[in-house]
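What follows is a short report on a single structure.
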There are 2 protein chains.
Amino acid sequence: MGSGELFQHLRRSLLEYSVVQALVEGEAYPADLIGRLGRVGLQVPEGTVYPLLNRLKADGYVEYRWEESPSGPPRKYYSLSAKGLKLAEEYRQAWEKLKKSVDSLNTSQNKHEKNL
Amino acid sequence: MGSGELFQHLRRSLLEYSVVQALVEGEAYPADLIGRLGRVGLQVPEGTVYPLLNRLKADGYVEYRWEESPSGPPRKYYSLSAKGLKLAEEYRQAWEKLKKSVDSLNTSQNKHEKNL
DNA sequence: AAAAGATACCTTGTATTGCAAGGTACTATT
DNA sequence: AATAGTACCTTGCAATACAAGGTATCTTTT
């Protein structure tokens, strides 16, 4: 993905960015991930997370390994691939740029109010 | 729209937020609007803007008036209604919250790196 | 050892959003 | 009266988000 393309994409899928960032923290199985996102206020249902992880897997951004659970069926622990880590960093930059872009709409509005 | 609902919605439609904020600056016709967004780096095509404005109109967030153009057919100048201004302010708060949420994913990641 | 409960995983169908492409109408210029 | 430019708008497709519903595994209870 090109840089401008990434920027456009991020505008649409903040959730994908959030999931990728949450995975930078370390591997997680879906319920873990939902917990990490929920803790910062991003409530995301299962039905959103599973397809998203499958997409990221299909595109080579994440890998997973099976691990037994102490209490229930085995879990799929997802982690970022090398390609995924690179994406995470590119996304971080796109996010900084996006924040600036969006916030500068307010800035120019203030300029206007102050008649500059 | 409720506050949490707005937050979830903003996650999905940053563009709507951007358009609403751009209108806080003052009335504009679609090409104006596209210019304001483009100037801060948000490239948005016509085919996105027209339906969006129609939606905002249908929901009572914006109004418009016709004005003759010095060079071409008349323009629809859009501006925020009272309801739209209120939305703009609620959106601004949701945006601040969203930025914090998303950024705190990185913070907890840093904590982890520093072993706190 | 059956049944019930809890925890995983996943899919399907619908709504929403974003946009490229294509279309209509008005105005100004040649 | 033909062309070019500027405005408006719609249609159809792709991607994203998610509620609802489904299957399988493992543990606990009866």
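- Taking the side chain of A:P45 as heavy atoms from C-beta on, and the options C:dC10, D:dC18, C:dA20, the nearest nucleotide is D:dC18.
- Distance check, rounded to the nearest 0.5 Å: CG of A:L85 to CD of A:E90 gives 11.0 Å.
- Between A:H9 and D:dA15 there is no side-chain N or O to OP1 or OP2 distance below 4.0 Å.
- Comparing D:dG21, D:dT10, D:dT25 by their closest approach to the side chain of A:P73 singles out D:dT25.
- B:E46 contributes a side-chain N or O that forms a donor-acceptor pair with the base of D:dC9 under 3.5 Å.
- Using a 4.0 Å heavy-atom criterion, one finds that B:T48 contacts the bases of the nucleic acid, with or without backbone contacts as well.
- Separating the CG atom of B:L6 from the P atom of C:dT16 is a distance of 16 Å, rounded to the nearest angstrom.
- Between A:L37 atom CG and D:dC18 atom P there is a gap of 11 Å when expressed in whole angstrom units.
- Between A:R75 and A:D32 there is no salt bridge, since no side-chain N of the basic residue sits under 4.0 Å from a carboxylate O of the acidic one.
- Comparing A:A31 and B:P70, the nucleotide of DNA chain C nearest to each residue sits closer to the 5' end for A:A31.
- The listed nucleotides are D:dC9, C:dC9, C:dC19; the one nearest the side chain of B:K76 is D:dC9.
- Applying the ring-ring contact (aromatic ring centres under 6.0 Å, His included) definition to pairs two or more places apart or across chains, those involving residues 10-45 of chain B are B:Y17-B:Y91, B:Y17-B:W95, B:Y29-B:Y77.
- The stretch residues 52-68 of chain A touches DNA chain C through A:N54, each having a heavy atom within less than 4.0 Å of the strand.
- For the pair A:Y50 OH and C:dT12 P, the computed distance is 16 Å after rounding to whole Å.
- Seen from the ring of A:Y78, A:K57 does not count as a face-on cation partner, given the 6.0 Å and 45° thresholds.
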